[in-house]
Amino acid sequence: MSQEQFQENDSSVSLDGSDQFAVRQAKLDQLREAGQDPYRSNWAQTHTSGEALELLSEDAEEGPEVSVAGRIVAFRLMGKASFLKIIDRDGKIQSYVRKDEIGEEEYARFKKLDLGDFIGIRGPLFRTKTGEVTIRAKEYGLVSKALRPLPEKWHGLTDNDQIYRQRYLDLIVNEESRKRFQDRSRVIREIREFFWERGFLEVETPMLQAVSGGAAARPFRTHFNALDCDFNLRIALELHLKRLLVGGFDRVFEVGRVFRNEGLSRRHNPEFTMLEAYQAYTDYRGMMELTRSLIQQVAEKALGKLQMEREEGDPIDLSGEWREVKYKDLILEAVGRDDWFELPKERKLEKTKDLGIEVDPELEDFEVTNDVFEKVIEQTLIQPTFVTHIPRELCPLAKITEDDESTIDVFELCINGQEIAPAYSEQNDPFVQREAFMRQVGEETQELDDDFLLALEHGMPPAGGMGLGIDRLVIFLTGASNIRDTILFPTLRPSTEGA
RNA sequence: GGGUCGGUAGCUCAAUCGGUAGAGCAGUGGCCUUUUAAGCCAUUGGUUCCGGGUUCGAGUCCCGGCCGGCCUACCA
């Protein structure tokens with residue numbers, strides 16, 4: 001695409017300003033003819049923009065000399081002096097360039113720079129009459145020429161398609177987007193710190209798996225030529241991390257990408273980032289404490305707050321103890337009757353109509369109830385809530401609750417109306433585990449992982465396990481409205497034309 | 001996959017009932033030595049997403065396609 005344009009835009013093209021690419025390319029050619037390299041290999045930086053800004057204290061009018069580099073994002077030219085702003089990884093800083101300080105010839109060349117060019121600037125700091133800390137340029141240099149113009153400076157980039165397909169443009173011009181991804185990175189860093197502090201070993205397990213287990217989701221399939229066999233991309237981390245419990249790593253965690261061959265929505269991307277952590281000699285109660293501490297510490301350290309604003313409604317309050325409620329009680333409250341679980345399936349189905357939801361009549365009894373949870377209750381759980389005592393049919397990898405055969409030792413943490421993190425008292429009885437797997441194998445999305453059962457037969461310590469969807473966590477931590485705003489390059493239909 | 005809304009200059013958006021496609025920013029030329037979306041004067045730039053159709057005439061109406069938003073479905 002751009003290759004063609006390079007060939008088309010030779011010197012015969014008129015430079016009346018109609019083709020910005022051609023204008024910029026002509027400027028580049030002029031530089032080369034004058035013996036200057038428009039794509040330099042280096043610039044001696046002494047400070048980032050943020051570091052430079054800190055050098056000039058509140059009351060100071062002048063400061064030391066700095067050398068910074070970045071992309072020009074604002075350019076205000078005047079006859080004999082100009083202001084410009086560059087952006088680097090820290091943010092923006094203004095520079096003031098005077099003809100009488102850099103010389104007539106240099107100033108003329110300076111005026112040929114474009115928005116989007118990368119430049120380096122060296123000079124002392126001072127404060128303008130409006131109080132902005134600014135670099136008074138003694139020297140500047142073009143270090144990389146931009147041939148294409150930036151999006152509009154005031155409105156930024158709003159076309160969703162372009163935001164996702166050309167994320168670099170979004171990051172250059174949309175401040176809140178840049179900040180959100182910096183926050184995401186800090187969140188993941190603090191998650192690691194949290195587990196390292198507690199003696200967890202960070203590990204990496206296979207993404208290519210012959211059998212994908214640990215969740216009920218359709219996998220992506222691929223083919224490995226060397227062995228001439230098909231592999232799945234992993235849908236969960238669980239079964240390999242548990243093998244490591246068997247192997248004696250009794251506190252492990254992994255942060256990694258999982259892939260689920262399902263639909264797209266504001267809450268779903270086919271590849272997403274999952275945290276899973278397993279701690280031996282504790283149970284789901286221990287994981288409850290761990291999960292709450294994790295999210296509180298991450299919010300506090302990465303974002304400096306425990307109250308998360310939402311687009312509408314009260315903020316999410318992460319402080320203190322969190323609400324804990326039994327699955328059964330939530331259901332009874334939602335359906336408004338005490339005998340729900342005694343009703344035959346047909347009566348349950350009738351009742352779901354009153355609740356205004358559509359439920360597939362082919363579903364099993366417990367699935368009808370779970371639809372009530374997912375379609376009615378879940379979205380109301382805005383403040384952090386641990387839902388416990390979940391029916392055993394919903395989860396084959398957890399232990400049965402001691403005093404209630406019908407439920408398992410599990411919690412499902414809901415925040416912001418979404419499931420964020422489930423945690424279990426992990427099943428370590430190989431007989432019970434095999435039986436539970438066998439019941440599921442008939443289902444389309446389940447395969448029996450014999451290799452995992454073999455590992456269990458060697459003995460796995462009792463353990464609590466937890467999984468957390470990082471993307472969904474970042475959604476409410478950063479006030480995003482869509483999972484795609486938390487993923488730098490979300491999955492899109494491949495575009496047929498160049499961007 | 002289904003429903004629905006949208007796609008106009010590099011970007012952000014207008015365009016009446018179907019009647020000459022416009023503005024701001026960006027660009028180009030000029031003025032301007034403390035600007036803050038800098039200002040002033042002049043000015044270039046269009047396959048109106050693509051392909052058909054109706055019409056004297058289509059950005060606008062109809063059909064098909066492509067891409068996207070939202071809702072929905074699938075979803076441990």
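Here the structure is a predicted model, which means the values were calculated and not measured.
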Heavy-atom donor-acceptor pair, [X] side-chain to [N] base, under 3.5 Å:
{"X": "A:Arg136", "N": "B:U34", "value": "yes"}
{"X": "A:Glu152", "N": "B:G10", "value": "no"}
{"X": "A:Thr128", "N": "B:U35", "value": "yes"}
{"X": "A:His155", "N": "B:C11", "value": "no"}
{"X": "A:Gln20", "N": "B:U28", "value": "no"}

What is the nucleic acid contact for [X], judged by heavy atoms within less than 4.0 Å: base, sugar-phosphate only, or nothing?
{"X": "A:Glu374", "result": "nothing"}
{"X": "A:Gly467", "result": "nothing"}
{"X": "A:Asn370", "result": "nothing"}
{"X": "A:Arg260", "result": "nothing"}

Pairing partner (Watson-Crick or G-U wobble, both distances under 3.5 angstrom) of [N]:
{"N": "B:A58", "result": "none"}
{"N": "B:G45", "result": "none"}
{"N": "B:G39", "result": "B:C31"}
{"N": "B:G68", "result": "B:C5"}

Mind calculating the distance between [atom1] ([X]) and [atom2] ([N]) to the nearest angstrom?
{"X": "A:Glu362", "N": "B:A73", "atom1": "CD", "atom2": "P", "value": "18 Å"}
{"X": "A:Lys112", "N": "B:G27", "atom1": "NZ", "atom2": "P", "value": "12 Å"}
{"X": "A:Asp371", "N": "B:A73", "atom1": "CG", "atom2": "P", "value": "9 Å"}

Distance test, side-chain N/O of [X] to OP1/OP2 of [N], below 4.0 Å:
{"X": "A:Lys80", "N": "B:U33", "value": "yes"}
{"X": "A:Arg493", "N": "B:C67", "value": "yes"}
{"X": "A:Arg266", "N": "B:U72", "value": "no"}

Write out a two-atom table: protein N or O, nucleotide N or O from nucleotides 42-46 of chain B, distance below 3.5 Å.
{"from": "B:U44", "atom 1": "O2'", "to": "A:Asp16", "atom 2": "OD1", "distance (Å)": "3.4"}
{"from": "B:U44", "atom 1": "O2'", "to": "A:Asp16", "atom 2": "OD2", "distance (Å)": "2.7"}
{"from": "B:U44", "atom 1": "O2", "to": "A:Gly17", "atom 2": "O", "distance (Å)": "3.4"}
{"from": "B:U44", "atom 1": "O2", "to": "A:Ser18", "atom 2": "N", "distance (Å)": "3.4"}

Among the nucleotides [options], which one has an atom lying closest to any side-chain atom of [X]?
{"X": "A:Lys153", "options": "B:A26, B:U28, B:C67", "value": "B:A26"}
{"X": "A:Val23", "options": "B:A38, B:A37, B:G27", "value": "B:G27"}
{"X": "A:Phe83", "options": "B:U28, B:C67, B:U35", "value": "B:U35"}
{"X": "A:Arg165", "options": "B:G68, B:A76, B:A26", "value": "B:G68"}
{"X": "A:Ala216", "options": "B:A26, B:A38, B:A76", "value": "B:A76"}
{"X": "A:Phe126", "options": "B:C11, B:G1, B:U34", "value": "B:U34"}
{"X": "A:Thr158", "options": "B:C13, B:A37, B:U35", "value": "B:C13"}

When the [atom1] atoms of [N] and [M] are considered, how many whole Å apart are they?
{"N": "B:G2", "M": "B:A73", "atom1": "C1'", "answer": "8 Å"}
{"N": "B:G59", "M": "B:A21", "atom1": "P", "answer": "8 Å"}
{"N": "B:C67", "M": "B:U8", "atom1": "C1'", "answer": "16 Å"}
{"N": "B:G3", "M": "B:U16", "atom1": "C1'", "answer": "31 Å"}

Flag the pair [X] and [Y] as a salt bridge only when some basic side-chain nitrogen lies within less than 4.0 angstrom of an acidic carboxylate oxygen.
{"X": "A:Lys179", "Y": "A:Glu176", "value": "no"}
{"X": "A:Asp365", "Y": "A:Lys345", "value": "no"}
{"X": "A:Glu132", "Y": "A:Arg127", "value": "no"}
{"X": "A:Glu65", "Y": "A:Arg122", "value": "yes"}
{"X": "A:Arg285", "Y": "A:Asp283", "value": "no"}

Along RNA chain B (nearest heavy atom to each residue), the more 5'-positioned of A:Asp100 and A:Asp159: A:Asp159

5′-ward residue of the pair A:Arg484/A:Lys375 relative to RNA chain B: A:Arg484

Ring geometry between A:Tyr96 and A:Phe126 (parallel below 30°, tilted from 30 to 60°, perpendicular above 60°): tilted

Plane angle bin for A:His389 and A:Tyr284 - parallel if under 30°, tilted between 30 and 60°, otherwise perpendicular: perpendicular

Check against salt bridge (charged side-chain N to carboxylate O under 4.0 Å, His left out), A:Asp449 and A:Arg243: CA-CA 12 Å; A:Asp449 191 337; A:Arg243 284 171 169 89; 3.3 Å; yes

Side-chain touch A:Leu473/A:Thr486, heavy atoms, less than 4.5 angstrom: no

Contact check, side chains of A:Met287 and A:Leu290, non-hydrogen atoms, under 4.5 Å: yes

